[in-house]
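Structure record follows, encoded as structure tokens.
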Protein chains: 2
Amino acid sequence: MTRAPQKRRLETRAALLREAEGLILENGFSALRVEDVVERAGVAKGTLFSHFKDKDGLLAVLIGARVMALMDEMEAQPSPEDVEDLCDLLSPLLCFIAQDRVVFDILLRYSGSTSAVIDETVTQSFHRQINQLSAWISVLQNTGQIRQDAAPELLAEGIQAFLNHVLALWFCVDHENGETPSSALLPLLQTWLAAPA
Amino acid sequence: MTRAPQKRRLETRAALLREAEGLILENGFSALRVEDVVERAGVAKGTLFSHFKDKDGLLAVLIGARVMALMDEMEAQPSPEDVEDLCDLLSPLLCFIAQDRVVFDILLRYSGSTSAVIDETVTQSFHRQINQLSAWISVLQNTGQIRQDAAPELLAEGIQAFLNHVLALWFCVDHENGETPSSALLPLLQTWLAAPA
DNA sequence: GGAGTAAAGTGACCGTGGTCAAGTTTAAAT
DNA sequence: ATTTAAACTTGACCACGGTCACTTTACTCC
């Protein structure tokens, strides 16, 4: 039987997350160093690894929280009226992930949407994404904007695949001009959701 | 002006690749250690990094070669007659990548198909994939097996996205039962290529 | 209170990828 | 044959993530 964690432990965990968040705001995700986090939090290195499986585990919590916040914003938006609207709604999420390769890597690693450990924030965020996308797709199907020969859940899964695809491409090319990841997404989504003539 | 590489250098490079290949055959990609490679090749550690940008660079060469071999086999096959055939043809490639997370990670990192440095084997292999897929798609379009409202190249790009998607899922779940990555691919491909009624 | 026990935290230590100033080999120039 | 500069290689060194036997703290029961 496992007991409830002590107050001290909760405080330590909070300190680790708080300081990590601060360092990320200063230098970005890629530059985060475990040594820096524990130094600022005033704990030993080993402590961090008793709270999180590894550095990626810590990052996953922080990234999961950010994605959840983005999902809140998404859900507050009105339902898209066409595929371009849909693309625009996805743009903030895409831009967040596109900011740093580490974010993309972590999310991809945990993207087994319907995986076992549900209590992980990241996994929850994927469920929300699928649900949200499915809901929007349902509406678009009912208004005849998009194809109706596939289940909303399948179409939502496909959109996730395309999101990851454009992000993977994003990290392989230079970006002098002001292009965004979502501009590459639109043609794929239009073809995937192709409204029948 | 850069001179042609000396004979000694070519031999060193060949030795590094040969020994790395051997170690991978013994222990798999994930277990490869730089120290082991240089020891077997009889060179110093620094030498490896003068031949390859980093460990991933070495792996990319070896993985690229394997993918090229798989592409040779693919191109030797007759053109698929329907989407299920297509799925079967992709299965060997999928199984190769599914064998080890490292393989997937490396390929994903270099999957910016039409990227700058063309002389990289991995990049070349992506071009071949796109070309091969496009060719197959053209045939299927002409026989009326699949949709004709999108360019073969776009449909091929989408297939790549789905390949990566099912692989990402593959690494997120356990596999007791004898399922393969390509079984998850089929429904996505059928919907993506959906023959109009 | 004090003894006993489980939780929490510690930091020296390790493995591994990657660097770089210095040394060695090669081959072109004379 | 000698010189010379570039190509090539070396290995001590560093950075960073992660481990684990041990110490300290907090809770429980008498």
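A note on names: the letters A, B, ... follow the listed sequences, proteins ahead of strands, and every chain is numbered from 1.
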Which nucleotide in C/dG18, C/dA8, D/dC8 has an atom nearest any side-chain atom of B/Pro5: D/dC8
Residues A/Arg101, A/Asp105: salt bridge by 4.0 Å N-O rule: yes
Sugar-phosphate only, base, or nothing, as touched by B/Lys45 at under 4.0 Å among non-hydrogen atoms: base
Euclidean distance, B/Asn164 CG relative to A/Asn164 CG, rounded to 0.5 Å: 8.5 Å
d(CD, A/Glu11; P, D/dT25) in whole Å: 15 Å
DNA chain C: 5'-proximal contact among B/Thr47 and A/Gln6 (nearest heavy atom): A/Gln6
B/Lys55 NZ to C/dG15 C1', straight-line distance once rounded to whole Å: 11 Å
Expected output: side-chain A/Gln99 to main-chain A/Phe96 donor-acceptor under 3.5 Å: yes
Whole-Å gap separating C1' (D/dT9) and CZ (B/Arg13): 16 Å
First of B/Ala44 and A/Gly46 reached from the 5' end of DNA chain D, by closest nucleotide: B/Ala44
Among C/dG18, C/dG9, D/dT19, the one nearest A/Arg9 by side-chain distance: C/dG9
Ion pair A/Arg18/A/Glu11, N-O distance below 4.0 Å: no
Length of the CG-P vector between B/Leu10 and C/dT26, whole Å: 14 Å
Atom-to-atom span, CZ of B/Phe49 to C1' of D/dC14 - whole angstrom: 13 Å
Nearest-angstrom distance from the residue atom CG of A/Asn27 to P of D/dC16: 12 Å
From D/dG18, C/dG18, C/dG9, nucleotide with atom closest to B/Asp54 side chain: C/dG18
Proximity to the side chain of B/Ser50 - top-ranked nucleotide from C/dG18, D/dT9, C/dG9: D/dT9
Rounded interatomic separation in angstrom, taking NZ from B/Lys7 and C1' from D/dA6: 19 Å
Sugar-phosphate only, base, or nothing, as touched by A/Thr12 at under 4.0 Å among non-hydrogen atoms: sugar-phosphate
cation_pi(A/Arg147, A/Trp192) dist<6.0 Å, angle<=45: yes
B/Leu185 backbone acceptor or donor facing B/His165 side chain under 3.5 Å: no
Rounded distance (Å) that lies between atom P of D/dC20 and atom NZ of A/Lys53: 13 Å
Short side-chain N/O contact from A/His51 to OP1 or OP2 of C/dG9, under 4.0 Å: yes
Working for ring pair (Phe, Tyr, Trp, His ring centres under 6.0 Å), residues A/Phe126 and A/Tyr110: CA-CA 9 Å; A/Phe126 277 106; A/Tyr110 285 78; 8.6 Å; no
Heavy-atom check, side chain of B/Gln160 versus side chain of B/Leu133, under 4.5 Å: yes
Strand-adjacent residues in residues 30-37 of chain A, judged by heavy atoms under 4.0 Å from DNA chain D: A/Leu32, A/Arg33, A/Val34
Side-chain N,O (B/Arg8) to OP1/OP2 (D/dC8) below 4.0 Å: no
